[in-house]
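Take a look at the structure set out below.
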Amino acid sequence: MKKLPRSFYTRPTLLVAKDLLGKILVRQIGKIVLAGTIVEVEAYLGSKDPASHAYRGKTKRNEVMFHEGGHLYVYFTYGMHFCANVVTGKEGVAEAVLIRAVEPLEGIEAMRKNRRFKANRVDEVTISNGPAKLCQAFRIGREQNGTDLLGAEIFLIAEKPIPKSSIGASPRIGIAKAKEHLWRFFVKGNRWVSR
DNA sequence: CGACCGATTGACT
DNA sequence: GTCAATCGGTCGG
């Protein structure tokens with residue numbers, strides 16, 4: 001049960017993305033603890049990546065992407081959804097990894113309550129098998145943008161690594177540009193992986 | 001300014 | 001499978 005150190009996040013983004021698989025996302029809300037295993041991610045490489053929010057430089061919205069690795073970048077999209085990214089690399093490097101899916105471990109009933117829409121349609125898989133779904137379940141929104149992942153509110157803990165043979169790669173989902181890159185990584189066969 | 005559209009989801013045919 | 005929801009960012013005039 002060890003919190004990942006800053007040095008985990010400041011490494012090259014594609015490396016961090018693959019290593020995030022299998023790590024446990026922990027969210028403390030007062031006395032409530034929510035936790036889940038990360039099973040699907042996508043890397044966004046800032047200035048090198050036309051699909052990244054930071055491709056055209058720093059703005060008010062994407063400024064957290066330029067922070068030192070180990071912060072949380074939360075953005076609002078489609079007029080109703082939030083998505084959470086782990087910022088990677090050194091200060092000034094606008095790279096991040098989108099957390100696309102987690103397998104719930106702890107606080108599952110609280111997560112279910114946090115989800116909007118008809119609760120009877122939220123089963124154990126759909127509770128957190130997508131980037132905006134897990135943000136609802138973990139109560140991550142505007143206020144969590146910029147959160148330091150070395151703090152007490154939101155952090156990651158190490159687990160035994162996923163074997164390389166169990167990690168799949170594919171093009172990223174839902175983007176129009178840079179589809180040639182296989183920058184989506186997921187745990188093969190895991191039920192919470194989206195699609 | 002105005003028009004367009006997005007790192008998505010849930011509802012419905 | 002198709003489509004609306006809903007709003008802030010981005011880009012063109």
Side-chain angles (χ1 to χ4, degrees), chain A residues 9 12-14 16-18 20-21 23 25 36 38-67 69 71-89 93-104 111-147 149 154 156 168-187 190-195:
Chain A
Y9 301 103
T13 302
L14 291 174
V16 177
K18 286 179 229 182
L20 280 172
L21 296 174
K23 299 294 186 285
L25 173 67
I38 297 173
V39 297
E40 179 183 350
V41 298
E42 285 178 2
Y44 286 87
L45 302 198
S47 55
K48 302 191 269 292
D49 180 2
S52 167
H53 291 161
Y55 186 55
R56 291 167 209 289
K58 193 189 277 194
T59 65
K60 194 169 185 182
R61 176 206 205 185
N62 67 24
E63 103 176 60
V64 173
M65 288 186 79
F66 289 79
H67 290 185
H71 290 84
L72 198 70
Y73 168 52
V74 181
Y75 68 87
F76 182 63
T77 191
Y78 291 104
M80 62 181 85
H81 295 304
F82 293 97
C83 295
N85 297 247
V86 172
V87 174
T88 57
V93 176
E95 302 189 354
V97 180
L98 171 69
I99 304 177
R100 286 196 59 90
V102 305
E103 174 177 344
M111 289 183 198
R112 195 185 303 274
K113 285 181 193 151
N114 290 339
R115 297 276 278 113
R116 294 191 291 265
F117 305 101
K118 294 181 181 175
N120 56 339
R121 295 232 173 174
V122 179
D123 61 31
E124 59 166 358
V125 172
T126 58
I127 195 169
S128 63
N129 67 338
K133 297 179 195 179
L134 88 247
C135 280
Q136 279 179 32
F138 280 73
R139 268 202 246 166
I140 293 173
R142 258 189 200 84
E143 284 155 32
Q144 281 63 239
N145 189 34
T147 302
L149 296 175
I154 306 173
L156 300 183
S170 81
R172 292 170 293 179
I173 291 175
I175 55 164
K177 300 166 196 162
K179 289 184 186 155
E180 68 278 17
H181 299 296
L182 305 182
W183 288 345
R184 169 176 176 257
F185 304 102
F186 55 94
V187 178
N190 183 282
R191 297 165 63 208
W192 280 265
V193 172
S194 65
R195 294 270 165 118

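As a basis for the values below, the full set of heavy atoms in this structure was taken, side chains included, without hydrogen atoms, waters or symmetry mates. So you know, we letter chains A, B, ... as the sequences are listed, proteins then strands, and number each from 1.
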Side-chain N or O of A:R115 less than 4.0 angstrom from OP1 or OP2 on B:dG10?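 Yes, such a contact exists.
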
Counting only side-chain nitrogens and oxygens, does A:K177 get under 4.0 Å of the OP1 or OP2 atom of B:dA7?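 No, A:K177 has no side-chain N/O under 4.0 Å of OP1/OP2 on B:dA7.
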
Crowded around A:E143 CD? As in, over 12 foreign heavy atoms under 6.0 Å?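 Check fails, neighbour count at 12 or below.
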
4.5 Å side-chain heavy-atom contact, [X] and [Y]:
X      : Y      : value
A:I140 : A:F82  : no
A:I38  : A:L156 : yes
A:I99  : A:L20  : no

Stem finding on DNA chain B, please: runs of three or more consecutive Watson-Crick or G-U wobble pairs, both distances under 3.5 Å, sorted by first number.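 In DNA chain B, stems of three or more pairs: B:1-6 with C:7-12, B:8-12 with C:1-5.
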
Within 45 degrees of the axis of the six-membered ring of A:F186 and under 6.0 Å from its centre: does A:R100 put its NZ or CZ there?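 So A:R100 doesn't make the cation-pi contact.
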
Roughly, in whole Å, what's the span from [atom1] in [X] to [atom2] in [N]?
X      : N      : atom1 : atom2 : value
A:E42  : B:dA7  : CD    : C1'   : 6 Å
A:I99  : B:dT8  : CD1   : C1'   : 16 Å
A:N114 : B:dT9  : CG    : C1'   : 17 Å
A:D123 : B:dG10 : CG    : C1'   : 13 Å
A:R184 : B:dT8  : CZ    : P     : 11 Å
A:H81  : C:dA5  : NE2   : P     : 13 Å
A:R100 : B:dT8  : CZ    : C1'   : 9 Å
A:R172 : B:dT8  : CZ    : P     : 11 Å

Mind checking if [X] touches a base, just sugar-phosphate, or nothing, with heavy atoms under 4.0 Å?
X      : result
A:L98  : base
A:A132 : sugar-phosphate
A:R195 : nothing

A:E40 and its salt bridge (Lys or Arg N to Asp or Glu O under 4.0 Å) partner, picked from A:R195, A:R184, A:R191: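 Checked A:R195, A:R184, A:R191 against A:E40; only one passes salt bridge (Lys or Arg N to Asp or Glu O under 4.0 Å): A:R184.
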
Hey, is A:Y75 stacking on B:dA7? Ring centres under 5.5 Å, planes under 30°.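 Base of B:dA7: not stacked against A:Y75.
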
Check: A:W192 side chain, A:E124 main-chain N or O, donor-acceptor pair, under 3.5 Å: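 Side chain of A:W192 to backbone of A:E124, a donor-acceptor pair under 3.5 Å: yes, one is there.
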
Closer than 3.5 angstrom, by distance alone: can the side chain of A:T147 be matched with the main-chain N or O of A:L72 as a donor-acceptor pair?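 Side chain of A:T147 to backbone of A:L72, a donor-acceptor pair under 3.5 Å: no, none is there.
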
Any N or O donor-acceptor pair linking the side chain of A:Y78 to the base of C:dA5 at under 3.5 Å?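 Between C:dA5 and A:Y78, which were checked side chain against base, a qualifying N/O pair under 3.5 Å is absent.
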
Rounded to whole angstrom, note down the C1' distance from C:dC3 over to B:dC5.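 Looking at atom C1' only, C:dC3 and B:dC5 are 15 Å apart.
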
Determine all donor-acceptor pairs shorter than 3.5 Å in which one atom belongs to a side chain in residues 46-56 of chain A; sequence neighbours excluded.
unit_1: A:K48; atom_1: NZ; unit_2: A:E95; atom_2: OE2; d: 2.9
unit_1: A:D49; atom_1: OD1; unit_2: A:A51; atom_2: N; d: 3.0
unit_1: A:D49; atom_1: OD1; unit_2: A:R172; atom_2: NH2; d: 3.1
unit_1: A:D49; atom_1: OD2; unit_2: A:L45; atom_2: N; d: 3.1
unit_1: A:D49; atom_1: OD2; unit_2: A:R172; atom_2: NH1; d: 2.6
unit_1: A:S52; atom_1: OG; unit_2: A:A54; atom_2: N; d: 3.0
unit_1: A:H53; atom_1: ND1; unit_2: A:Y73; atom_2: OH; d: 2.9

On DNA chain B, check which nucleotide each of A:I175 and A:Q136 is closest to and give me the residue with the more 5' one.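 Final value for this comparison: A:I175.
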
Short side-chain donor-acceptor distance under 3.5 Å, A:N129 and A:T126: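 Note: A:T126 and A:N129 side chains miss the donor-acceptor criterion.
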
If you only use heavy atoms from C-beta on, which nucleotide in B:dG6, B:dG10, C:dA5 is closest to the side chain of A:T77?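 The answer is B:dG6, which lies nearest to the side chain.
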
Heteroatom pairs (N/O) under 3.5 angstrom, protein to nucleotides 8-13 of chain C:
unit_1: C:dC11; atom_1: OP1; unit_2: A:R56; atom_2: NE; d: 2.7

